[in-house]
Amino acid sequence: MKEALKKAFPVTIPIMLGYVPLGMGFGLIMAQAGYNALWAFLSAVAIYSGTGQYMSVNFLATGAPLLEIVLIIVILNTRMMFYGLTFLSRFSGMGWKKWYLVYTMSDETYAVLCTVKAPEGIDDKNFMFCITMLNQIYWVTGCVVGALFGTMLNIDITGVDFMMTALFIVLCMDQWKKARSHQPFWIGLCCSILSIVAFGPKNFMIPALAAILACLVIRRKSIEKRQVDGEDGT
Amino acid sequence: MSGISVGSSLLIIFVIAALTIGARVFPYAVFSRGGKTPEIIAYIGNILPPAVMIMLVVYCLKDVSPMKWPHGIPEFVSAAAVALLYKFTKNILIAMVGGTVLYMVLIQFVFAA
(Lines give C-alpha, C1' and ligand atoms only; values in the text may rest on other atoms or scores of the structure.)
Protein backbone atom coordinates (compact mmCIF):
# COMPACT_ATOMS: atom_id res chain seq x y z
CA MET A 1 0.00 0.00 0.00
CA LYS A 2 2.88 2.35 0.84
CA GLU A 3 4.47 1.68 -2.53
CA ALA A 4 1.15 2.28 -4.25
CA LEU A 5 0.79 5.60 -2.42
CA LYS A 6 4.27 6.64 -3.55
CA LYS A 7 3.48 5.82 -7.16
CA ALA A 8 0.02 7.37 -6.98
CA PHE A 9 1.11 10.74 -5.60
CA PRO A 10 2.86 12.10 -8.74
CA VAL A 11 -0.17 11.13 -10.82
CA THR A 12 -2.43 13.19 -8.56
CA ILE A 13 -0.33 16.39 -8.52
CA PRO A 14 -2.27 17.99 -11.40
CA ILE A 15 -5.49 17.12 -9.58
CA MET A 16 -4.15 18.70 -6.39
CA LEU A 17 -3.33 21.88 -8.30
CA GLY A 18 -6.87 21.91 -9.64
CA TYR A 19 -8.74 20.73 -6.56
CA VAL A 20 -7.17 22.96 -3.94
CA PRO A 21 -7.97 26.26 -5.71
CA LEU A 22 -11.33 24.99 -6.94
CA GLY A 23 -12.19 23.78 -3.45
CA MET A 24 -11.04 27.13 -2.10
CA GLY A 25 -13.33 28.82 -4.60
CA PHE A 26 -16.21 26.84 -3.14
CA GLY A 27 -15.13 27.69 0.41
CA LEU A 28 -14.96 31.38 -0.49
CA ILE A 29 -18.46 31.35 -1.96
CA MET A 30 -19.77 29.48 1.08
CA ALA A 31 -18.18 32.06 3.37
CA GLN A 32 -19.66 34.84 1.27
CA ALA A 33 -23.10 33.24 1.75
CA GLY A 34 -22.55 33.17 5.52
CA TYR A 35 -21.50 29.54 6.01
CA ASN A 36 -18.31 28.87 7.96
CA ALA A 37 -15.57 26.27 7.46
CA LEU A 38 -17.51 23.59 9.31
CA TRP A 39 -20.29 23.83 6.74
CA ALA A 40 -17.75 23.73 3.91
CA PHE A 41 -16.21 20.59 5.46
CA LEU A 42 -19.57 18.91 5.87
CA SER A 43 -20.57 19.72 2.30
CA ALA A 44 -17.22 18.58 0.89
CA VAL A 45 -17.30 15.23 2.68
CA ALA A 46 -20.99 14.48 2.21
CA ILE A 47 -21.45 15.67 -1.38
CA TYR A 48 -17.88 15.56 -2.74
CA SER A 49 -18.86 16.93 -6.12
CA GLY A 50 -17.71 20.24 -7.54
CA THR A 51 -20.85 20.83 -9.57
CA GLY A 52 -23.13 19.69 -6.76
CA GLN A 53 -21.42 21.85 -4.15
CA TYR A 54 -21.20 24.98 -6.28
CA MET A 55 -24.87 24.54 -7.14
CA SER A 56 -25.70 23.97 -3.48
CA VAL A 57 -24.51 27.48 -2.63
CA ASN A 58 -27.12 28.86 -5.03
CA PHE A 59 -29.76 26.74 -3.32
CA LEU A 60 -28.63 27.69 0.19
CA ALA A 61 -28.52 31.36 -0.67
CA THR A 62 -31.98 31.41 -2.23
CA GLY A 63 -33.66 28.65 -0.18
CA ALA A 64 -34.74 26.97 -3.42
CA PRO A 65 -37.71 24.57 -3.31
CA LEU A 66 -36.67 20.97 -2.66
CA LEU A 67 -38.25 19.62 -5.85
CA GLU A 68 -36.23 22.00 -8.00
CA ILE A 69 -33.05 21.01 -6.16
CA VAL A 70 -33.76 17.31 -6.64
CA LEU A 71 -34.42 17.74 -10.35
CA ILE A 72 -31.34 19.82 -11.09
CA ILE A 73 -29.01 17.62 -9.07
CA VAL A 74 -30.32 14.42 -10.66
CA ILE A 75 -29.67 15.91 -14.10
CA LEU A 76 -26.22 17.14 -13.14
CA ASN A 77 -25.42 13.70 -11.76
CA THR A 78 -26.45 11.66 -14.79
CA ARG A 79 -22.91 11.80 -16.05
CA MET A 80 -21.76 10.16 -12.82
CA MET A 81 -24.20 7.33 -13.39
CA PHE A 82 -22.40 6.71 -16.64
CA TYR A 83 -18.94 7.06 -15.16
CA GLY A 84 -19.68 3.96 -13.12
CA LEU A 85 -20.25 1.93 -16.27
CA THR A 86 -16.63 2.33 -17.25
CA PHE A 87 -15.45 0.63 -14.09
CA LEU A 88 -17.99 -2.16 -13.64
CA SER A 89 -15.44 -4.87 -14.31
CA ARG A 90 -12.28 -3.08 -13.11
CA PHE A 91 -13.75 -2.41 -9.66
CA SER A 92 -15.15 -5.88 -9.11
CA GLY A 93 -13.63 -8.03 -6.38
CA MET A 94 -12.32 -5.10 -4.33
CA GLY A 95 -14.48 -5.50 -1.23
CA TRP A 96 -15.09 -2.34 0.81
CA LYS A 97 -12.55 -0.41 -1.28
CA LYS A 98 -14.89 -0.75 -4.22
CA TRP A 99 -17.59 1.16 -2.37
CA TYR A 100 -15.15 3.85 -1.33
CA LEU A 101 -14.14 4.28 -4.98
CA VAL A 102 -17.79 4.33 -6.02
CA TYR A 103 -18.67 6.94 -3.40
CA THR A 104 -15.76 9.22 -4.28
CA MET A 105 -15.99 9.07 -8.07
CA SER A 106 -15.56 12.52 -9.55
CA ASP A 107 -14.92 14.03 -12.98
CA GLU A 108 -11.21 14.26 -12.36
CA THR A 109 -10.77 10.91 -10.62
CA TYR A 110 -12.69 9.36 -13.50
CA ALA A 111 -10.43 11.02 -16.04
CA VAL A 112 -7.26 9.91 -14.24
CA LEU A 113 -8.37 6.34 -13.64
CA CYS A 114 -9.41 6.09 -17.29
CA THR A 115 -6.01 7.10 -18.57
CA VAL A 116 -3.56 5.77 -15.96
CA LYS A 117 -2.65 2.15 -15.32
CA ALA A 118 -0.77 0.91 -12.26
CA PRO A 119 2.97 0.68 -12.87
CA GLU A 120 4.79 -2.68 -12.91
CA GLY A 121 4.65 -4.46 -9.54
CA ILE A 122 1.93 -2.27 -8.03
CA ASP A 123 -1.50 -3.70 -7.32
CA ASP A 124 -4.00 -1.89 -9.54
CA LYS A 125 -6.63 -1.89 -6.79
CA ASN A 126 -4.35 -0.23 -4.21
CA PHE A 127 -3.14 2.19 -6.87
CA MET A 128 -6.69 3.30 -7.72
CA PHE A 129 -7.57 3.51 -4.03
CA CYS A 130 -4.60 5.78 -3.26
CA ILE A 131 -5.30 8.09 -6.21
CA THR A 132 -8.91 8.45 -5.15
CA MET A 133 -8.11 9.02 -1.48
CA LEU A 134 -5.47 11.67 -2.25
CA ASN A 135 -7.93 13.48 -4.51
CA GLN A 136 -10.55 13.54 -1.78
CA ILE A 137 -8.04 14.88 0.75
CA TYR A 138 -7.05 17.71 -1.64
CA TRP A 139 -10.64 18.64 -2.27
CA VAL A 140 -11.79 18.68 1.36
CA THR A 141 -8.68 20.63 2.40
CA GLY A 142 -9.26 23.21 -0.32
CA CYS A 143 -12.91 23.69 0.67
CA VAL A 144 -12.08 24.19 4.35
CA VAL A 145 -9.12 26.51 3.72
CA GLY A 146 -11.19 28.60 1.30
CA ALA A 147 -13.97 29.03 3.85
CA LEU A 148 -11.45 29.97 6.56
CA PHE A 149 -9.88 32.57 4.26
CA GLY A 150 -13.24 33.83 3.12
CA THR A 151 -14.38 34.59 6.64
CA MET A 152 -11.07 36.26 7.54
CA LEU A 153 -10.27 38.30 4.44
CA ASN A 154 -12.55 41.06 3.34
CA ILE A 155 -12.05 41.15 -0.41
CA ASP A 156 -14.60 41.38 -3.19
CA ILE A 157 -14.80 37.92 -4.72
CA THR A 158 -17.54 38.65 -7.26
CA GLY A 159 -16.83 36.53 -10.31
CA VAL A 160 -14.90 33.83 -8.48
CA ASP A 161 -17.57 31.39 -9.66
CA PHE A 162 -16.01 31.62 -13.12
CA MET A 163 -13.71 28.97 -11.71
CA MET A 164 -16.44 26.44 -12.47
CA THR A 165 -16.68 27.53 -16.10
CA ALA A 166 -12.90 27.39 -16.40
CA LEU A 167 -12.85 23.86 -14.99
CA PHE A 168 -15.36 22.57 -17.51
CA ILE A 169 -13.53 24.26 -20.38
CA VAL A 170 -10.31 22.53 -19.36
CA LEU A 171 -12.05 19.16 -18.92
CA CYS A 172 -13.64 19.60 -22.33
CA MET A 173 -10.27 20.19 -23.94
CA ASP A 174 -8.92 17.03 -22.28
CA GLN A 175 -11.85 15.02 -23.62
CA TRP A 176 -11.38 16.55 -27.07
CA LYS A 177 -7.74 15.46 -27.18
CA LYS A 178 -8.62 11.92 -26.10
CA ALA A 179 -11.62 11.40 -28.37
CA ARG A 180 -11.35 9.59 -31.69
CA SER A 181 -14.61 11.04 -32.92
CA HIS A 182 -15.45 14.65 -32.21
CA GLN A 183 -19.10 14.23 -33.10
CA PRO A 184 -20.23 14.01 -29.43
CA PHE A 185 -18.85 17.54 -28.87
CA TRP A 186 -20.77 19.03 -31.75
CA ILE A 187 -23.87 17.13 -30.71
CA GLY A 188 -23.52 18.39 -27.13
CA LEU A 189 -22.90 21.97 -28.22
CA CYS A 190 -25.70 22.15 -30.79
CA CYS A 191 -28.28 20.44 -28.58
CA SER A 192 -27.44 22.73 -25.63
CA ILE A 193 -27.60 25.96 -27.61
CA LEU A 194 -30.75 24.99 -29.51
CA SER A 195 -32.33 23.98 -26.23
CA ILE A 196 -31.53 27.35 -24.65
CA VAL A 197 -33.05 29.12 -27.64
CA ALA A 198 -36.16 26.92 -27.50
CA PHE A 199 -36.73 26.57 -23.75
CA GLY A 200 -34.79 29.44 -22.19
CA PRO A 201 -31.72 29.28 -19.93
CA LYS A 202 -33.69 28.15 -16.88
CA ASN A 203 -35.16 24.97 -18.31
CA PHE A 204 -32.69 23.95 -21.00
CA MET A 205 -30.96 21.05 -19.27
CA ILE A 206 -33.58 18.29 -19.48
CA PRO A 207 -34.46 18.81 -23.16
CA ALA A 208 -30.76 19.25 -24.01
CA LEU A 209 -29.82 15.97 -22.32
CA ALA A 210 -32.70 14.12 -24.00
CA ALA A 211 -31.67 15.50 -27.38
CA ILE A 212 -28.02 14.62 -26.78
CA LEU A 213 -28.89 11.04 -25.86
CA ALA A 214 -31.15 10.69 -28.90
CA CYS A 215 -28.48 12.07 -31.26
CA LEU A 216 -25.77 9.86 -29.77
CA VAL A 217 -27.92 6.77 -30.24
CA ILE A 218 -28.91 7.75 -33.80
CA ARG A 219 -25.32 8.52 -34.80
CA ARG A 220 -23.94 5.42 -33.06
CA LYS A 221 -22.63 3.62 -36.18
CA SER A 222 -20.75 6.62 -37.45
CA ILE A 223 -19.31 7.51 -34.02
CA GLU A 224 -18.26 3.95 -33.18
CA LYS A 225 -16.37 3.59 -36.44
CA ARG A 226 -13.81 6.01 -35.03
CA GLN A 227 -14.14 5.09 -31.38
CA VAL A 228 -12.25 1.81 -31.69
CA ASP A 229 -10.43 1.71 -28.38
CA GLY A 230 -13.22 2.23 -25.89
CA GLU A 231 -12.04 1.94 -22.30
CA ASP A 232 -14.40 -0.86 -21.36
CA GLY A 233 -16.27 -3.07 -23.77
CA THR A 234 -18.23 -5.31 -21.48
CA MET B 1 -26.60 32.73 7.48
CA SER B 2 -28.52 33.76 4.42
CA GLY B 3 -32.06 33.78 5.67
CA ILE B 4 -32.65 30.04 5.83
CA SER B 5 -32.36 27.99 9.02
CA VAL B 6 -29.67 25.55 10.07
CA GLY B 7 -32.17 22.71 9.63
CA SER B 8 -33.07 23.72 6.06
CA SER B 9 -29.40 24.14 5.21
CA LEU B 10 -28.60 20.67 6.54
CA LEU B 11 -31.56 19.23 4.65
CA ILE B 12 -30.40 20.78 1.36
CA ILE B 13 -26.85 19.50 1.80
CA PHE B 14 -27.98 15.99 2.73
CA VAL B 15 -30.51 15.75 -0.09
CA ILE B 16 -27.81 16.69 -2.59
CA ALA B 17 -25.40 14.24 -0.94
CA ALA B 18 -27.93 11.39 -1.04
CA LEU B 19 -28.75 12.03 -4.70
CA THR B 20 -25.07 12.20 -5.58
CA ILE B 21 -24.26 8.93 -3.82
CA GLY B 22 -27.32 7.39 -5.47
CA ALA B 23 -26.05 8.39 -8.91
CA ARG B 24 -22.63 6.91 -8.15
CA VAL B 25 -24.01 3.61 -6.88
CA PHE B 26 -26.70 3.28 -9.56
CA PRO B 27 -24.73 1.50 -12.31
CA TYR B 28 -23.24 -1.01 -9.85
CA ALA B 29 -26.61 -1.78 -8.34
CA VAL B 30 -28.33 -2.18 -11.71
CA PHE B 31 -25.75 -3.75 -13.99
CA SER B 32 -23.47 -5.77 -11.71
CA ARG B 33 -25.81 -8.68 -11.19
CA GLY B 34 -26.73 -9.58 -14.75
CA GLY B 35 -23.09 -10.13 -15.63
CA LYS B 36 -22.85 -8.36 -19.01
CA THR B 37 -23.64 -4.68 -19.43
CA PRO B 38 -25.97 -4.11 -22.37
CA GLU B 39 -23.94 -2.96 -25.37
CA ILE B 40 -25.91 0.23 -25.87
CA ILE B 41 -25.36 1.22 -22.22
CA ALA B 42 -21.62 0.63 -22.49
CA TYR B 43 -21.56 2.73 -25.65
CA ILE B 44 -23.40 5.60 -23.99
CA GLY B 45 -21.14 5.38 -20.94
CA ASN B 46 -18.12 5.87 -23.17
CA ILE B 47 -19.52 8.57 -25.39
CA LEU B 48 -21.62 10.71 -23.07
CA PRO B 49 -18.88 12.44 -21.02
CA PRO B 50 -17.58 14.69 -23.83
CA ALA B 51 -21.12 15.67 -24.85
CA VAL B 52 -22.13 16.43 -21.26
CA MET B 53 -18.89 18.28 -20.52
CA ILE B 54 -19.59 20.80 -23.27
CA MET B 55 -23.19 21.06 -22.08
CA LEU B 56 -21.84 22.04 -18.65
CA VAL B 57 -19.74 24.79 -20.23
CA VAL B 58 -22.90 26.07 -21.89
CA TYR B 59 -24.72 25.71 -18.57
CA CYS B 60 -22.14 27.95 -16.85
CA LEU B 61 -22.56 30.58 -19.54
CA LYS B 62 -26.33 30.23 -19.98
CA ASP B 63 -27.22 33.57 -18.40
CA VAL B 64 -24.91 35.56 -20.66
CA SER B 65 -26.96 37.60 -23.08
CA PRO B 66 -25.21 38.67 -26.27
CA MET B 67 -27.87 41.33 -26.90
CA LYS B 68 -27.33 43.31 -23.71
CA TRP B 69 -24.25 45.17 -22.48
CA PRO B 70 -21.54 43.93 -22.01
CA HIS B 71 -22.61 41.39 -24.67
CA GLY B 72 -20.85 38.50 -22.96
CA ILE B 73 -17.47 40.05 -23.70
CA PRO B 74 -15.98 39.38 -20.23
CA GLU B 75 -17.12 35.75 -20.39
CA PHE B 76 -15.91 35.23 -23.94
CA VAL B 77 -12.53 36.87 -23.34
CA SER B 78 -11.97 34.95 -20.09
CA ALA B 79 -13.06 31.63 -21.59
CA ALA B 80 -10.68 32.19 -24.49
CA ALA B 81 -7.94 33.02 -21.99
CA VAL B 82 -8.58 29.75 -20.15
CA ALA B 83 -8.43 27.76 -23.38
CA LEU B 84 -5.26 29.49 -24.62
CA LEU B 85 -3.51 29.29 -21.25
CA TYR B 86 -4.31 25.60 -21.01
CA LYS B 87 -3.23 24.92 -24.58
CA PHE B 88 0.14 26.59 -24.18
CA THR B 89 1.04 25.87 -20.56
CA LYS B 90 -0.75 22.49 -20.25
CA ASN B 91 -1.25 23.52 -16.64
CA ILE B 92 -4.76 23.29 -15.21
CA LEU B 93 -3.99 25.63 -12.32
CA ILE B 94 -2.56 28.44 -14.45
CA ALA B 95 -5.45 28.18 -16.91
CA MET B 96 -8.21 28.18 -14.29
CA VAL B 97 -6.80 30.78 -11.93
CA GLY B 98 -5.58 32.98 -14.78
CA GLY B 99 -8.96 32.95 -16.50
CA THR B 100 -10.88 33.49 -13.26
CA VAL B 101 -8.73 36.39 -12.07
CA LEU B 102 -9.05 37.99 -15.51
CA TYR B 103 -12.83 37.55 -15.31
CA MET B 104 -12.99 39.09 -11.83
CA VAL B 105 -10.95 42.09 -12.97
CA LEU B 106 -13.10 42.50 -16.08
CA ILE B 107 -16.46 42.45 -14.29
CA GLN B 108 -15.35 44.33 -11.18
CA PHE B 109 -13.37 47.11 -12.86
CA VAL B 110 -13.37 47.16 -16.65
CA PHE B 111 -17.04 46.38 -17.29
CA ALA B 112 -18.36 47.49 -13.91
CA ALA B 113 -21.95 48.69 -14.07
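For B:Leu19, the parts lying under 4.5 angstrom from a heavy atom of chain A are both the backbone and the side chain. B:Leu85 does not touch chain A: none of its heavy atoms, backbone or side chain, sits under 4.5 Å away. Interface residue A:Ile169: backbone and side-chain heavy atoms are both found under 4.5 Å from chain B. With a threshold of 4.5 angstrom between heavy atoms, A:Leu213 approaches chain B through side-chain atoms but not through N, CA, C or O. For B:Val57, the parts lying under 4.5 angstrom from a heavy atom of chain A are both the backbone and the side chain. Contacts between A:Leu66 and chain B at a heavy-atom distance below 4.5 Å involve the side chain alone, from C-beta outward. With a threshold of 4.5 angstrom between heavy atoms, A:Val20 does not approach chain B through any atom at all. Both the backbone and the side chain of B:Ile16 come within contact range of chain A, with heavy atoms under 4.5 Å apart. Residue A:Ile196 touches chain B through its side chain alone, counting heavy-atom pairs closer than 4.5 Å. Both the backbone and the side chain of B:Tyr59 come within contact range of chain A, with heavy atoms under 4.5 Å apart.
Distance check, rounded to the nearest 0.5 Å: CD1 of B:Ile47 to CD1 of A:Ile187 gives 8.5 Å. Here B:Ile107 contributes atom CD1 and B:Ser78 contributes atom OG; the two are 8.5 Å apart, rounded to the nearest 0.5 Å. In this structure, SG in A:Cys191 is found 11.0 Å from CD1 in B:Ile54, a value given to the nearest 0.5 Å.
Taking A:Tyr103, A:Phe59, A:Trp99 one by one and counting their heavy-atom pairs under 4.5 Å with chain B, the maximum is reached by A:Tyr103. Per-residue counts of heavy-atom pairs under 4.5 Å with chain B were compared for A:Lys177, A:Gln175, A:Gln53, A:Met55; the largest is that of A:Gln175. Chosen from B:Cys60, B:Gly22, B:Pro74, B:Ala18, the residue pairing most often with chain A at heavy-atom distances under 4.5 Å is B:Cys60. Top candidate by heavy-atom pairs under 4.5 Å with chain B, chosen from A:Leu171, A:Leu216, A:Val45, is A:Leu216. Among B:Ala79, B:Ser8, B:Gly98, the residue with the largest count of heavy-atom pairs under 4.5 Å with chain A is B:Ala79. Contact count versus chain B (heavy atoms, under 4.5 Å) is highest, among A:Ser43, A:Ser192, A:Gly25, for A:Ser192.
Considering only heavy atoms from C-beta on, B:Val58 stays 4.5 Å or farther from A:Phe168 through its side chain.
Both tests do not hold together for A:Lys97 against A:Tyr100: distance to the six-membered ring centre under 6.0 Å, angle to the ring axis within 45°.
Side-chain contact annotation: A:Thr165 with B:Tyr103, donor-acceptor N/O pair under 3.5 Å absent.
Side-chain atoms of A:Tyr48 do not come within 3.5 Å of backbone N or O of A:Trp139 as any donor-acceptor pair. At least one donor-acceptor pair under 3.5 Å links the side chain of A:Tyr54 to the backbone N or O of A:Phe26. Between the side chain of A:Thr12 and the backbone N or O of A:Ile15 there is no donor-acceptor pair closer than 3.5 Å.
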